[in-house]
Enquirer: 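Have a look at the structure that comes next, please.
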Amino acid sequence: MAFQLPNLPYAYDALEPHIDARTMEIHHTKHHNGYTTKLNAAIDGSDLASQSIEEILKNMDMDNKALRNNGGGYYNHVLFWEIMSPDGGGNPEGDLAAAINESFGSFDNFKEQFSSAAGTRFGSGWAWLCVHPGGKLDICSTPNQDNPLMPGVGCGGYPILGIDVWEHAYYLHYQNRRPDYIKEFYSVINWNKVAENFAANK
Ligand code: MN
């Protein structure tokens with residue numbers, strides 16, 4: 001069965017002023033749609049067509065560029081839309097907040113390290129918050145559309161939060177000011193969804 005481009009759980013303008021409507025629309029209808037179409041083309045007629053996207057990522061042949069770029073691109077954006085919300089922002093709560101404090105010392109320290117990972121990613125890529133079995137959290141960054149679930153990316157753990165730092169994610173509104181985009185991203189993080197991802201994969 002072919003993978004489907006999911007609908008956004010909110011309107012294109014719902015994340016304004018932090019992320020503008022035009023960026024969201026192009027990002028979803030052009031970029032994510034493109035990854036979805038090309039992922040389906042890459043798995044068409046092969047055994048991979050019956051696998052989940054997580055299985056495909058975990059068993060990725062990293063030399064298969066079409067599958068790696070578009071499988072990652074498909075999965076990464078599905079996660080990205082879900083972990084943002086117009087009702088987002090604020091602080092994590094409960095078990096997730098405790099794990100962040102335990103792993104990073106404080107929420108402020110977490111933000112500093114996550115912003116640094118996102119800000120120092122050279123060129124295109126992502127920064128991730130990952131959970132390891134037992135609940136330990138980790139921050140890392142991957143290039144292009146790589147994902148922590150892929151073998152040998154040097155990240156590890158299960159991604160529960162990610163920020164897209166490709167220029168297509170922010171350039172229309174922020175131009176080259178990636179640090180401003182990263183700062184505003186905290187205003188739209190859906191911590192309830194991140195907490196769900198944490199609980200399901202710790
Ligand atoms: Mn993107």
Side-chain angles (χ1 to χ4, degrees), residues 2-43 53-54 56-57 60 62 64-86 88-89 114-130 139-150 153 155 158-190 193-194 197:
F3 290 101
Q4 306 285 327
L5 179 70
N7 291 322
L8 295 193
Y10 38 75
Y12 289 127
D13 64 359
L15 303 182
E16 292 204 354
H18 313 290
I19 303 179
D20 65 285
R22 184 95 177 106
T23 295
M24 289 297 295
E25 184 174 0
I26 294 171
H27 203 169
H28 181 244
T29 63
K30 306 293 183 194
H31 294 276
H32 197 188
N33 192 45
Y35 297 125
T36 306
T37 303
K38 289 174 190 165
L39 167 61
N40 286 328
I43 62 172
I53 187 62
E54 293 197 3
I56 290 173
L57 296 194
M60 180 64 66
M62 298 299 271
N64 185 339
K65 290 292 161 51
L67 187 63
R68 177 179 174 178
N69 290 335
N70 296 297
Y74 175 76
Y75 178 96
N76 295 345
H77 290 85
V78 170
L79 176 66
F80 188 55
W81 310 136
E82 289 177 349
I83 55 82
M84 297 192 291
S85 165
F114 188 78
S115 297
S116 173
T120 59
R121 162 52 51 198
F122 182 76
S124 299
W126 294 74
W128 305 101
L129 176 64
C130 295
I139 288 166
C140 68
S141 166
T142 54
N144 304 314
Q145 295 297 353
D146 284 357
N147 179 280
L149 294 176
M150 293 177 182
V153 296
C155 236
Y158 188 98
I160 61 172
L161 168 70
I163 180 171
D164 186 346
V165 295
W166 284 59
E167 282 186 345
H168 68 226
Y170 63 85
Y171 203 86
L172 286 180
H173 185 69
Y174 293 99
Q175 291 81 51
N176 63 330
R177 292 175 283 114
R178 189 194 287 184
D180 291 352
Y181 158 68
I182 295 167
K183 187 162 164 264
E184 292 296 314
F185 176 70
Y186 293 102
S187 298
V188 297
I189 295 177
N190 181 352
K193 182 62 189 177
V194 180
N197 295 342

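This chain uses plain numbering: 1 for the first residue, then up along the sequence. Each ligand, and each atom within it, is numbered from 1 in the order the structure gives.
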Enquirer: Given a threshold of 2.8 Å, state how many protein N/O/S atoms are nearer than that to the Mn ion (ligand 1).
Expert: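 Of the protein's nitrogen, oxygen and sulfur atoms, 4 lie under 2.8 Å from the Mn ion (ligand 1).
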Enquirer: With a 3.5 Å cut-off and no angle check, do the side chains of Tyr186 and Ser115 form a donor-acceptor pair?
Expert: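 The criterion, which ignores hydrogens and geometry beyond distance, is satisfied for Ser115 and Tyr186.
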Enquirer: Should Asn64 and Arg68 count as side-chain neighbours, where that means a heavy-atom distance under 4.5 Å?
Expert: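 They are not in contact (no side-chain heavy atoms under 4.5 Å apart), so the answer is no.
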Enquirer: Does the plane of the ring in Tyr74 sit parallel, tilted or perpendicular to the ring in Phe3? Use 30° and 60° as the thresholds.
Expert: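 It falls in the tilted class, 30° to 60°.
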Enquirer: Taking all non-hydrogen atoms of both residues, which atom of Asp180 and which atom of Tyr174 are closest, and how far apart?
Expert: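 Where Asp180 meets Tyr174 most closely, the heavy atoms are CB-CD2, 3.7 Å.
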Enquirer: Using atom types as modelled, flag every donor-acceptor pair under 3.5 Å from a side chain in residues 5-15 to any protein atom, sequence neighbours excluded.
Expert:
| unit_1 | atom_1 | unit_2 | atom_2 | d |
| --- | --- | --- | --- | --- |
| Tyr10 | OH | Trp81 | O | 2.9 |
| Tyr12 | OH | His28 | ND1 | 2.9 |

Enquirer: Kindly indicate whether the side chain of Thr142, heavy atoms from C-beta on, has any atom under 4.5 Å from the side chain of Asn76.
Expert: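 Thr142 does not reach Asn76 side chain to side chain.
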